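Let me begin by presenting the structure, written as structure tokens, before commenting on it.
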Amino acid sequence: MTRHLFLLTGAGISAESGLGTFRDAGGIWSRHDLDEVATPEGFARDPALVHGFYNARRENCLGAHPNAAHRALTRLQAGFRGEVTIVTQNVDDLHERAGTAGVIHMHGEVMRALCAACGARWQAPRVMAPADPCPACGRAATRPDVVWFGEVPYHMDRIADRLSRADLFAAIGTSGQVYPAAGFVAEARAAGARTVELNLAPSDVAGAFDEVIVGPATRIVPAWVDRLLA
Ligand code: APR
């Protein structure tokens, strides 16, 4: 019997909502230089460029709607007889807007702002700029509350605890290329969990999973949730 379900979601779950993925053909990292827009060094060099990149992503997010896969996870959370942990690498808020509660955003949230000087956090305005003062300390050190390459993802202690107790682990719409999230499947397996990948096509790391379910998230996630709740 499955008592603790651990779900890791990635850009693929939001793809059919119109938010691009990173590493697919034509993906975000084929159009933007990751070193310039998603590292602390890039932000130090050109904060306006980085704010512009995340302003565009925030705008996309505001114009997008949750899809059937996000909604299926809300249904799973409500109907599953046991604990459900949902960790996302996504900075969008589509899980929340689909009604899922308690989602752990390990890579932060594009709708939130962070002061690099004092650590205050607040709801991001639609457009952020380098000169924006922090509402708490007044310094112009505001940044999107997202985790950049070279930074430590959020909530890692909580995630490690949940992984150690998982008996079913599922990775949904993620390429498994970015650590530490890419290592979760091995951690869950070491803890004794069965592991499932749900993806448009088997990822390069599909061999690490006990089962691979292939297809668009809006089709395969609701069907998989039906199975789990049956
Ligand atoms: N349904 C299911 N899976 C899909 C769909 C879809 N409709 N469309 C694409 N995918 C799959 C792709 O096949 C790919 O394996 O989603 C995956 C997306 O992979 P990436 O673009 O690498 O995104 P992700 O794994 O979330 O990236 C991890 O990298 O740059 C960072 O911080 C960023 O959080 C992100 C992290």
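Along the sequence shown, residues are numbered consecutively beginning with 1. Atoms within each ligand, like the ligands themselves, are counted from 1 in listed order. No experiment lies behind these values; they were computed from the predicted model shown. Side chains are part of it too, since the values below use all heavy atoms of this structure and drop only hydrogens, waters and symmetry mates.
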Inset, instruction - Indicate whether any N or O donor in one side chain lies under 3.5 Å from an N or O acceptor in the other, for Asp210 and Thr195. - result: yes

Legend entry - Nearest candidate to atom 4 (C) of ligand 1, where distance is taken over non-hydrogen atoms, out of Thr9, Leu200, Val221, Leu8: Leu200

Inset, instruction - With heavy atoms of Ala15 as the reference, note each atom of ligand 1 found under 4.0 Å away. - result: 8 (N)

Inset, instruction - Pick, from Asp204, Ile28, Asp24, the option with the minimum heavy-atom distance to atom 14 (C) of ligand 1. - result: Asp24

Legend entry - Arg121 to Tyr154 six-membered ring, cation-pi geometry met (6.0 Å, 45°): yes

Legend entry - Residue part near ligand 1, for Arg23, under 4.0 Å between non-hydrogen atoms: both

Legend entry - Exercise: do Thr218 and Asn67 side chains pair donor with acceptor under 3.5 Å: no

Legend entry - Heavy-atom nearest neighbour in the protein, as seen from atom 7 (N) of ligand 1, with distance rounded to 0.1 Å: Glu16 OE2, 2.9 Å

Inset, instruction - Determine, considering heavy atoms only, which of Thr218, Thr174, Val214, Leu198 sits nearest to atom 24 (P) of ligand 1. - result: Thr174

Inset, instruction - Distance to 0.1 Å, residue and atom name: give those for the protein heavy atom nearest to atom 18 (C) of ligand 1. - result: Gly173 O, 3.7 Å

Inset, instruction - Specify the protein heavy atom at minimum distance from atom 30 (O) of ligand 1: its residue, its atom name, and the distance to 0.1 Å. - result: Trp29 NE1, 2.7 Å

Inset, instruction - Answer yes or no: is there an ion pair linking Glu36 with Arg45, defined by an N-O contact shorter than 4.0 Å? - result: yes

Legend entry - N or O pair under 3.5 Å between Asn90 and ligand 1: no

Inset, instruction - Say whether Phe22, considering both its backbone and side-chain N or O atoms, lies within less than 3.5 Å of an N or O atom on ligand 1. - result: yes

Legend entry - Phe149: numbered ligand 1 atoms lying under 4.0 Å from its heavy atoms: 30 (O), 31 (C)

Inset, instruction - Could you tell me whether Arg57 and Asp92 have a side-chain N and a carboxylate O separated by less than 4.0 Å? - result: no

Inset, instruction - Indicate whether the side chain of Thr174 and that of Gln89 have a donor and an acceptor atom separated by less than 3.5 Å. - result: yes

Legend entry - Basic-acidic side-chain contact under 4.0 Å: Arg227, Glu211: yes

Inset, instruction - Among all protein heavy atoms, pick the one closest to atom 20 (P) of ligand 1 and tell me residue, atom and distance. - result: Ser175 OG, 3.6 Å

Legend entry - Worked check of side chain to side chain donor-acceptor pair (under 3.5 Å) between His70 and Glu16: CA-CA 10 Å; His70 298 105; Glu16 291 162 84; over 6 Å; no

Inset, instruction - Scan side-chain atoms only and decide if Ser203 and Ser175 contain a donor-acceptor pair under the 3.5 Å cut-off. - result: no

Legend entry - Pick from Gly12, Ser14, Ala217: the one approaching atom 10 (N) of ligand 1 most closely through a non-hydrogen atom: Gly12

Inset, instruction - Please confirm whether Ala11 comes within less than 3.5 Å of ligand 1 when only nitrogen or oxygen atoms on both sides are compared. - result: yes

